[in-house]
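Each ligand, and each atom within it, is numbered from 1 in the order the structure gives.
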Amino acid sequence: MPIAHVTGAAQGIGKAIALRLAKDGHDIAVSDLSIKSEDLELTRKSIEDLGVRAVALTGDVTDPESVHNLVTDTADQLGALNIMVANAGVAQTKALLDVTPDEYDRVHAVNGRGVFLTYTEAARQMIKQGTGGKIIGASSIAGHKGFPLLGIYSSSKFGVRALTQAAAQEWAEHGITVNAYCPGIVDTHMWVEVDRDLGAINNVEKGESMKAMAAGITLGRVSTGEDVAAYVSFLAGPDSDYMTGQSNLIDGGMLFV
Ligand code: NAD
């Protein structure tokens, strides 16, 4: 079975993706920041309990050397890298007029530079192997529409779509497909933060901002990590072989493009 690496897998969507790919039978390397080591080890253990090999690696996706090591350590310890999921990301909820240049850089460092480094290091490894592969990135509904108070986050997620399109065209000759997933509102720690910060800006109670956003979901509920992971399972598997450069919505029907 192909071997997968999932970044930002200590919690949330990344953890759900790692567990789903393990259920699909893949050996998995999971990674996250070193401050998340304990949670990451829990993810690793849960993967191993599913009967596949699991490796936990720490690293920061904004750092080139770190990302290089995540990729080579995966190949060294599990034998190859066939599927890379560039999932790690950060949110920011703030009016554009209040965002500082440093805050802009911090969000784009993880969501933009981090995805660029993860895509390119994975591609280098896959090209070296001569095996082809599947590279998958985290965009968002905010990669299709710029949301107020999420302007910097939105611009970073639009960037993931552009990178995904360009990478798909550059690496097709190596048998590598590149696609991204665009969730809507997923009930993870990230949304706890977004809800808290929107609530503070708009002066509404905890939970109310999420409820207001969720009211616009056609399927009538917010997403779970497993909803997103099921789509990533498709992107990681052979049924998506004739698909590349796409950043599709998996949002319960929030946007229609
Ligand atoms: P989360 O905050 O629960 O988890 C993100 C993980 O990424 C964390 O474990 C964090 O430690 C890790 N991370 C952050 N910066 C990192 C870095 N520099 N290097 C390595 N790891 C780092 O978020 P989530 O909701 O699980 O989101 C996962 C991805 O999905 C993100 O890219 C996010 O933007 C995207 N997304 C989330 C939602 C949502 O509603 N939750 C919607 C659309 C897109």
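The CG atom of Leu57 sits 9.5 Å away from atom CG of Asn69, with the distance rounded to the nearest 0.5 Å. Between atom CE of residue Met243 and atom NZ of residue Lys134 there is a gap of 9.0 Å, rounded to the nearest 0.5 Å. Taken to the nearest 0.5 Å, the NZ atom of Lys23 stands 11.5 Å off from the CD1 atom of Ile28. The CD atom of Gln165 sits 10.5 Å away from atom CG of Asn179, with the distance rounded to the nearest 0.5 Å. Note that the OG atom of Ser156 and the CD1 atom of Ile152 stand 8.5 Å from one another [nearest 0.5 Å].
Heavy atoms of Ser223 stay at 4.0 angstrom or farther from ligand 1. For Thr7, the closest heavy-atom approach to ligand 1 does not fall below 4.0 Å. For the ligand labelled ligand 1, residue Glu193 lies outside the 4.0 Å heavy-atom shell. Ligand 1 is never approached by Ala91 to a heavy-atom distance shorter than 4.0 Å. Judged by the shortest distance from any of its heavy atoms, Tyr181 lies outside the 4.0 Å radius around the atoms of ligand 1.
The distance from ligand 1 to the heavy atoms of Ala138 drops below 4.0 Å at these ligand atoms: 32 (O). Counting atoms of ligand 1 from 1 in the listed order, those under 4.0 Å from a heavy atom of Gly12 are 26 (O). Ligand-side atoms of ligand 1 in range of Ser139: 44 (C), range being under 4.0 angstrom from any heavy atom. Near Gly184, with a cut-off below 4.0 Å to any heavy atom, the atoms of ligand 1 are 40 (O), 42 (C), 43 (C). Applying the 4.0 Å criterion to heavy atoms of Lys157 picks out, from ligand 1, the atoms 31 (C), 32 (O), 33 (C), 34 (O). Set against the non-hydrogen atoms of Val110, the atoms of ligand 1 under 4.0 Å away are 15 (N), 18 (N). Within ligand 1, the atoms closer than 4.0 Å to a non-hydrogen atom of Ile185 are 40 (O), numbered from 1 in the order shown. The Asp60 neighbourhood of ligand 1 comprises atoms 17 (C), 18 (N), 19 (N), with distances under 4.0 Å to a heavy atom of that residue.
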- Task: Apply salt bridge (Lys or Arg N to Asp or Glu O under 4.0 Å) to Glu103 and Arg106, showing your working.
- Result: CA-CA 5 Å; Glu103 287 170 341; Arg106 187 184 64 82; over 6 Å; no

- Task: Please lay out, stage by stage, how Lys45 and Glu41 fare under the test salt bridge (Lys or Arg N to Asp or Glu O under 4.0 Å).
- Result: CA-CA 6 Å; Lys45 184 81 186 59; Glu41 176 54 22; over 6 Å; no

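One option in Cys182, Ala88, Gly89, Gly143 has a heavy atom closer to atom 5 (C) of ligand 1 than any other, and that option is Gly89. Taking each of Gly59, Ala86, Gly8 in turn, the one with a heavy atom nearest to atom 20 (C) of ligand 1 proves to be Gly59.
For the pair Ile13 and ligand 1, the shortest N or O to N or O distance falls below 3.5 Å. Taking any N or O of Val186, backbone or side chain, at least one lies under 3.5 Å from an N or O belonging to ligand 1. Residue Thr62 has no N or O atom closer than 3.5 Å to an N or O atom of ligand 1. Residue Lys36 places at least one N or O, backbone or side chain, under 3.5 Å from an N or O of ligand 1.
Taking 4.5 Å as the limit, every side-chain heavy atom of Val6 sits out of range of all side-chain heavy atoms of Lys15.
Residue contacts with ligand 1, taken as heavy atom pairs separated by less than 4.0 Å, involve Met190 via backbone and side-chain atoms alike. Contact annotation: for Asn87 versus ligand 1, heavy atoms closer than 4.0 Å belong to both the backbone and the side chain.
Looking only at distances, a side-chain donor or acceptor of Asp27 sits under 3.5 Å from a matching main-chain atom of Arg53.
Of the options Val30, Ile47, Asp49, a side chain to side chain contact (heavy atoms under 4.5 Å, CB included) to Leu19 is made by Ile47 and by none of the others.
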